[in-house]
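Each ligand, and each atom within it, is numbered from 1 in the order the structure gives.
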Amino acid sequence: MAIERTLSILKPDATTRNITGKINAIFEENGFRIIAQRRVLLTRSETERFYIIHKERPFYKDLCDFMSSAPVVVQVLEGENAILKNRAIMGATNPEEAAPGTIRALFGLSIDQNTVHGSDSAATAAQEIAFFFKETDIVG
Ligand code: ADP
Ligand code: MG
């Protein structure tokens with residue numbers, strides 16, 4: 001299996017509840033290295049661009065409102081099979097459907113406030129990492 005990099009976001013419900021360290025501990029316990037990390041208050045237009053793939057979906061407006069409502073932590077996780085492994089550690093989009101022990105099962109409040117974002121493919125990971133980080137900001 002290959003060492004991969006994936007983009008992770010700790011969403012506003014994580015920063016406002018002050019649980020970013022607890023979530024980072026889960027990533028590290030699962031063998032990931034956090035090789036870039038920045039706390040940022042995204043503008044509305046940045047969230048619209050980041051989630052442009054969802055622009056026709058009924059939840060797009062609420063998603064962009066939420067993601068620009070309070071700071072987020074954007075980060076690059078590195079590890080074996082990191083993209084799919086992070087999706088497994090995160091759990092299903094709807095916390096009510098997330099497997100026990102996953103981040104969304106442990107901390108997710110609702111399908112909107114589901115605590116974490118993670119890239120869903122190699123192509124998306126490359127694109128999403130480049131959205132937030134210059135190569136020189138990533139120290140592996
Ligand atoms: P994921 O974050 O698991 O990759 P998606 O890419 O499908 O999920 O959706 C992006 C985000 O949009 C989700 O994390 C969630 O916060 C929100 N979302 C997705 N589906 C819904 C929905 N049916 N109702 C409300 N919010 C949703
Ligand atoms: Mg997604």
Specify the protein heavy atom at minimum distance from atom 3 (O) of ligand 1: its residue, its atom name, and the distance to 0.1 Å.
Thr93 OG1, 2.5 Å
Which segment of Lys11 sits under 4.0 Å of ligand 1 when only heavy atoms are counted
side chain
Please check if the number of heavy atoms outside Ile3 that lie under 6.0 Å from its CD1 is greater than 12.
yes
Contact check: Gly118 vs ligand 1, nitrogen or oxygen atoms, below 3.5 angstrom
no
Out of Arg87, Arg104, Gln113, His117, indicate the one that has the non-hydrogen atom closest to atom 4 (O) of ligand 1.
Arg87
Looking just at side-chain N and O atoms, do Asn114 and Lys11 make a donor-acceptor pair shorter than 3.5 Å?
yes
Heavy-atom nearest neighbour in the protein, as seen from atom 27 (C) of ligand 1, with distance rounded to 0.1 Å:
Phe59 CG, 3.5 Å
Of Leu109, Ile23, Thr20, the one forming a side-chain contact (heavy atoms from CB on, under 4.5 Å) with Thr115 is Ile23
Contact atoms of ligand 1, heavy-atom distance to Asn114 under 4.0 Å
13 (C), 14 (O), 15 (C), 16 (O)
What I want to find out is whether Glu29 reaches Lys22 closely enough, with some N-O distance under 4.0 Å, to be called a salt bridge.
no
Heavy atoms of other groups near Arg33 CZ, more than 12 under 6.0 Å
no
Calculate, to the nearest 0.5 Å, the distance between atoms CG and CG belonging to Asp112 and Asp13 respectively.
10.0 Å
Please write down residue, atom name and distance for the protein heavy atom closest to atom 24 (N) of ligand 1.
Ile111 CG2, 3.7 Å
If you group Ile, Leu, Val, Met, Phe, Trp and Tyr whenever their side-chain heavy atoms sit less than 4.5 Å apart, what else falls in with Met67?
Leu7, Ile9, Ile35, Val40, Leu42, Phe50, Tyr51, Ile52, Phe59, Tyr60, Leu63, Phe66, Val72, Val74, Val76, Ile129, Phe131, Phe132, Phe133, Ile138
For ligand 1, indicate whether the residue Asp112 contacts it via side chain, backbone, both or neither (heavy-atom separation under 4.0 Å).
both
Can you tell me if Asp120 has a non-hydrogen atom under 4.0 Å from ligand 1?
no
Any nitrogen or oxygen of His54 lying under 3.5 Å from a nitrogen or oxygen in ligand 1? Just yes or no.
yes
